[in-house]
Amino acid sequence: MSDKKPVYFMEAILLHPDGSVHEWGSDFWQVLHRHVANLPLNERRYSFRGIRYGGSARTEKSPAVDYLYVGKRRWRSDFPDHAASDIDDETPLDVPGDLVEPLYAVPVAGTSYVAIYRTSGGPTFEAFERWVAHVLRCHETGDSFELRPYVRGDALERLRGALGVSKLRLKYDPGALRGEAGNERSVIERALRSVEDQLGGGVSVDVEISFGRATPDDGVAEAYARELEKNLSIPGVTQARATLIKDAARGSGGSREPVNFLRDQVVMRVPMIEDSAASRTPSLVLQAMTDTFGPFRHGLEHPEDEGSDEPEG
């Protein structure tokens, strides 16, 4: 039985103390790999919320890829039990050393994106962000390293397919809304550009629109979808959240589903290991991850063709 796992596609941004955002070029992940490869072990270790993490820059021969590996170490008191086989009872796990839950980050060559796979108990995205910030010594400048997911059309389809939208929040870094007059992409952008111009620039803009428990009129969900889609294309948008009203009788107000369009967007679910009882190896994981690169690049170049979240084959 195929064991399908999510692979996430993210790009790196650097958030400065003044709220402005620096977007790196397509070579960032390769440069970071070389940087980490030259760091001593003690500079690649990091503790976050009492959990120990260790990372390294690695190279696999088959498939031939460079990648970042970040491992979440488990305290022995948190070790699970162990069963040698299906016919044996569970016993305490007693192995030398620590158990490590991994995260793999593989650059998608020619793009600013990195593919990320983590085991179910592996480092969270926040922990990975903190580890990268640590090796980049962001604490010396006050900058924050963040991951920004690739946003696909299917997230917007969820918005269009909702009964309505009860809340929408958008946030932009300073200067994101400035530019040539008449080039505004949306009604929201025109309004916020006016606010930023009045404030003289250099400030982040955060807007939240809410209907509370009321249900918007027909057509509002589609209008919000168009607005959100236009605004997601603006470099420097740092938050995009909505609360969807799902199918339900209008009199009840509908069930509500919060969606964060710029976090944890699953792009592909791929068969990581054909036999779920088989052992995972870096080669198997990396092969499954790199198999998604073709469909992902096609989606970047032809977004109108996006639909399935699984590569063919």
Side-chain angles (χ1 to χ4, degrees), residues 2-13 23-33 57-70 102-120 122-125 128-129 132 145-160 228-235 237-238 240 259-274 280-313:
S2 177
D3 182 20
K4 292 191 175 182
K5 300 293 185 182
V7 174
Y8 303 83
F9 287 87
M10 306 275 187
E11 61 180 343
I13 62 173
E23 300 188 14
W24 275 294
S26 59
D27 64 342
F28 167 74
W29 294 103
Q30 289 82 2
V31 172
L32 178 62
H33 185 276
R58 301 185 179 184
T59 299
E60 184 68 21
K61 293 182 178 179
S62 179
V65 294
D66 292 332
Y67 66 102
L68 294 174
Y69 173 99
V70 177
L103 175 150
Y104 298 80
V106 184
V108 183
T111 78
S112 60
Y113 291 94
V114 64
I116 295 177
Y117 163 77
R118 56 183 292 272
T119 58
S120 56
T124 62
F125 291 117
F128 180 58
E129 290 171 334
V132 174
F145 175 87
E146 295 186 4
L147 296 170
R148 185 168 62 187
Y150 170 57
V151 179
R152 289 187 49 192
D154 55 3
L156 298 175
E157 288 300 324
R158 293 171 64 193
L159 182 61
R160 295 190 185 105
L228 181 58
E229 186 169 10
K230 293 173 183 177
N231 280 268
L232 286 176
S233 67
I234 301 172
V237 60
T238 57
V259 177
N260 188 334
F261 291 89
L262 294 183
R263 171 63 77 182
D264 297 0
Q265 292 299 307
V266 177
V267 175
M268 307 244 178
R269 294 188 69 89
V270 297
M272 194 61 63
I273 300 173
E274 287 300 321
R280 168 185 45 80
T281 66
S283 180
L284 287 174
V285 170
L286 295 168
Q287 185 62 64
M289 293 177 70
T290 55
D291 284 347
T292 68
F293 289 4
F296 176 70
R297 287 195 183 94
H298 180 83
L300 285 177
E301 297 168 2
H302 307 282
E304 69 280 2
D305 294 341
E306 288 187 326
S308 172
D309 65 353
E310 298 176 13
E312 297 180 0

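Scanning both residues, R118 and P123, for their nearest heavy atoms gives NE-O, 2.7 Å. Residues D66 and P107 share a closest heavy-atom pair of O-CD, 3.3 Å. Closest heavy-atom contact between R58 and H33: O-NE2, 2.9 Å. Taking every heavy atom of both residues into account, S283 and P63 meet most closely at O-CD, 3.8 Å. Residues G25 and S112 come closest through the heavy atom pair O-CB, 4.2 Å. Of all non-hydrogen atoms in A115 and M289, the two that sit nearest each other are O-CE, 3.3 Å.
Between Y67 and Y104, a ring centre-to-centre spacing shorter than 6.0 Å is recorded. Taking the six-membered ring for Trp and the full ring otherwise, Y117 and Y8 have centroids separated by 6.0 Å or more.
Contact of the V114 side chain with the F9 side chain is not registered, since no non-hydrogen atoms from C-beta on lie closer than 4.5 Å. Side-chain atoms of L103 and I116, non-hydrogen and from C-beta on, do get closer than 4.5 Å to each other. Within the 4.5 Å cutoff, the side chain of M10 has heavy atoms near those of the F125 side chain.
Atom CD of residue E23 and atom CD1 of residue I13 lie 7.0 Å apart, to the nearest 0.5 angstrom.
For the side-chain contact (heavy atoms from CB on, under 4.5 Å) with Q287, the lone residue among L284, V285, T290 that qualifies is T290.
Ring-plane geometry between W29 and F128 is classed as parallel, the angle between the planes falling under 30 degrees on a 0 to 90 degree scale with a further cut at 60. Ring-plane geometry between W24 and F145 is classed as tilted, the angle between the planes lying from 30 to 60 degrees on a 0 to 90 degree scale.
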Side chain to side chain contact (heavy atoms under 4.5 Å, CB included) between L32 and L68, worked out: CA-CA 9 Å; L32 178 62; L68 294 174; 3.6 Å; yes

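E129 places a side-chain N or O within donor-acceptor distance of the main-chain N or O of L147, the cut-off being under 3.5 Å.
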